[in-house]
Amino acid sequence: MPESVSPALARRIALAAQGFGRPRPASVGTRQLNGVIDRLGLLQLDSVNVYERSHYQPVFARLGAYDKARLDRLTFPTRGGYVEYWAHEAAVIPVDTWSSWRWRMEDYRAYFGGRDSWAAANPQMLEWLVKELAANGPMAASAIEHDSNVRRGPWWGWSDVKRGLEVLFRQGDVVSAGRTRFERTYALPQQVLPAAVIEREVPRHEAHVQLVERAAAAHGIGTEKDLADYYRLKRADTKAAIAELEEAGTLVPVTVDGWRFPAWLHRDARLPRRVQAAALLSPFDPVVWERARTERMFGFHYRIEIYTPAEKRIFGYYSLPILLDDALVGRIDLKNDRQAKVLRVQSAWLEEGVPAASVPEIAARVAGVLHEISGWQALDSIEVVGRGTLSAALEAELASR
């Protein structure tokens, strides 16, 4: 294993660990979908649907077109191989890793048990919700009848029923039992999880060793902060886990030119000489979700502008980084106009410093990805309707096809 890694090799290691640079399968079935989730360790969830929900796009970026209903059946059944928990953010995780999050559930229990918390002031609501699920089985928040099931602030306008269920969910007193039209169904653990998973006790340090090892395998290479952020772990816990994994030879300390902090390479990481890829990345794809790592590794300053007033947005409401081979060369703001069956390119931008000579190739490859997306989403056409330094070349390339 190398003691020093160049920035270019670090990028290729990270992308290979995330599943890029591999030949796409001729067809995508359950085995391929499982492979992506197992490689990433999770699929982050988000409700924004202007182009596509965030957990669908990382799978498409790595595998190409697939049946979203098949992924739903895999990830959102009442009982199955996956469950949701607050890993990084709300995410689908392998059900056999649920026990490794007990320490976080207990941290949430302590947090929500604070004297001034809503949960501490509403213990009767929490007890009643548990009894309702015990009596009726898995239920969505909207299906639970209660005088307090009326939307109000400050938690995203949630009702007290929804708020109580989310407290119980984070504490591990209830779990997800799938989703319908993206609405989560809640259940008691014994109603959906295997007994072995419920009964398994994983001490805090052991859980962190497992999670840091998973983060390192998914990242390929990373700093302490990178490895901590993958599952939003505390730095002290991460540091102790890294020390144990380094002693075991699972993590190999390396230096990366230009990185200010020490890094570790997973012993099983691939060190490819090149990575061939053409993909649009979700804002919540692990390649780019830690913005400081994205900037350090790719020289790509990335901020999502969903919450930025329209007149102050620079790149667009839902701007997706453009990955070509081992570089992020631009970003593109997409809208899926489902009623008109049109994929709208609301803006498309090149990164500063991209050579003018490479623009035709970039436009051609991005146009190819957009055609793949259009077919995957069962849309009839693609329209470039916005601004940006890549828009004209992209519009011309699409018109020529």
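What you are looking at is a predicted structure, and each value in this text was computed from that prediction instead of being measured.
With sequence neighbours excluded, no residue forms a side chain to side chain donor-acceptor pair (under 3.5 Å) with Lys239. In this structure Arg313 satisfies the salt bridge (Lys or Arg N to Asp or Glu O under 4.0 Å) test with no other residue, sequence neighbours excluded. Not counting sequence neighbours, the partners of Asp107 by the side chain to side chain contact (heavy atoms under 4.5 Å, CB included) test are Trp103, Arg204, Lys234. Listed by chain and residue number, Pro138, Ala177, Val192 satisfy the side chain to side chain contact (heavy atoms under 4.5 Å, CB included) test with Thr78 (two or more places apart in sequence, or in another chain). In this structure Pro309 satisfies the side chain to side chain contact (heavy atoms under 4.5 Å, CB included) test together with Glu311, Lys312, sequence neighbours excluded. Evaluation of the side chain to side chain contact (heavy atoms under 4.5 Å, CB included) rule for Gln32 yields Pro25, Val28, Leu63 as partners, not counting sequence neighbours. Residues passing the salt bridge (Lys or Arg N to Asp or Glu O under 4.0 Å) test with Glu127, sequence neighbours excluded: none.
In summary, the side chains of Tyr231 and Gln210 do not present any donor paired with an acceptor at a separation below 3.5 Å, with no hydrogens or angles considered. For the 3.5 Å distance criterion, the side chains of Asn34 and Arg39 fail to qualify, holding no donor opposite an acceptor. Gln44 and Ser54 are not linked by any side-chain donor-acceptor pair at a separation below 3.5 angstrom, with hydrogens and angles left out of the test.
The side-chain heavy atoms of Arg291 and Pro283, taken from C-beta on, include a pair separated by under 4.5 Å. Within the 4.5 Å cutoff, the side chain of Val50 has no heavy atoms near those of the Asn336 side chain. Within the 4.5 Å cutoff, the side chain of Trp128 has no heavy atoms near those of the Leu133 side chain. When side chains are defined from C-beta on, Tyr82 counts as touching Pro94, because their heavy atoms get closer than 4.5 Å. Counting only heavy atoms from C-beta outward, the side chains of Leu281 and Phe20 approach each other to under 4.5 Å. The shortest side-chain heavy-atom distance between Glu106 and Gln171 does not fall under the 4.5 Å cut-off. Within the 4.5 Å cutoff, side-chain heavy atoms of Leu165 are placed close to those of Ile144.
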Donor-acceptor pairs under 3.5 angstrom involving side-chain atoms of residues 326-334: please list them, not counting sequence neighbours.
{"from": "Arg331", "atom 1": "NE", "to": "Glu351", "atom 2": "OE2", "distance (Å)": "3.2"}
{"from": "Arg331", "atom 1": "NH1", "to": "His301", "atom 2": "O", "distance (Å)": "2.9"}
{"from": "Arg331", "atom 1": "NH2", "to": "His301", "atom 2": "O", "distance (Å)": "3.1"}
{"from": "Arg331", "atom 1": "NH2", "to": "Glu351", "atom 2": "OE1", "distance (Å)": "3.3"}
{"from": "Arg331", "atom 1": "NH2", "to": "Glu351", "atom 2": "OE2", "distance (Å)": "2.7"}
{"from": "Asp333", "atom 1": "OD1", "to": "Tyr318", "atom 2": "N", "distance (Å)": "2.8"}
{"from": "Asp333", "atom 1": "OD2", "to": "Tyr317", "atom 2": "N", "distance (Å)": "3.3"}

Check residues 255-272 and write down every donor-acceptor pair under 3.5 Å in which the side-chain atom is one partner and the other belongs to a residue at least two apart or another chain.
{"from": "Trp264", "atom 1": "NE1", "to": "Glu246", "atom 2": "OE1", "distance (Å)": "3.0"}
{"from": "His266", "atom 1": "ND1", "to": "Asp268", "atom 2": "N", "distance (Å)": "3.0"}
{"from": "His266", "atom 1": "NE2", "to": "Glu213", "atom 2": "OE2", "distance (Å)": "2.5"}

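Within the structure, salt bridge (charged side-chain N to carboxylate O under 4.0 Å, His left out) contacts touching residues 369-388 (residues at least two apart or in different chains) are Arg24-Glu372, Arg344-Glu383. Within the structure, ring pair (Phe, Tyr, Trp, His ring centres under 6.0 Å) pairs that include any residue of residues 32-54 do not occur (at least two apart or interchain). Residue pairs meeting the salt bridge (charged side-chain N to carboxylate O under 4.0 Å, His left out) criterion with at least one partner in residues 58-85, sequence neighbours excluded, are Glu52-Lys68, Arg62-Asp285, Glu84-Arg179, Glu84-Arg184.
Screening His208, His88, His219 for a ring-ring contact (aromatic ring centres under 6.0 Å, His included) with Tyr230, the sole residue that qualifies is His219.
Atom OG of Ser282 and atom OH of Tyr56 lie 13.0 Å apart (nearest 0.5 Å). Of the inter-residue distances, the one linking Ser347 atom OG with Ile314 atom CD1 reads 11.0 Å to the nearest 0.5 angstrom.
Leu398 approaches Ile382 most closely through the heavy-atom pair CD1-CG2, 3.8 Å. The shortest heavy-atom contact between Leu251 and Ala216 is CD2-CB, 3.4 Å. Taking both residues in full, the closest heavy atoms of Val167 and Ala119 are given as CG1-CB, 4.0 Å, listed atom of the first, atom of the second, then distance. Heavy atoms only, all atoms of each residue included: Ala61 and Leu280 are closest at CB-O, 3.8 Å.
No donor-acceptor distance shorter than 3.5 angstrom exists from the side chain of Asp229 to the backbone of Arg232, with no hydrogens or angles considered.
Side-chain rings of Phe315 and Trp349 approach one another, their centers coming within less than 6.0 Å.
Surrounding CD of Glu206 are more than 12 heavy atoms belonging to other residues, nucleotides or ligands, all under 6.0 Å away.
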**Request:** Please assess Ser142 against Glu183 for the test side-chain contact (heavy atoms from CB on, under 4.5 Å), listing each intermediate value before the final yes or no.
**Result:** CA-CA 9 Å; Ser142 60; Glu183 182 182 14; 2.7 Å; yes

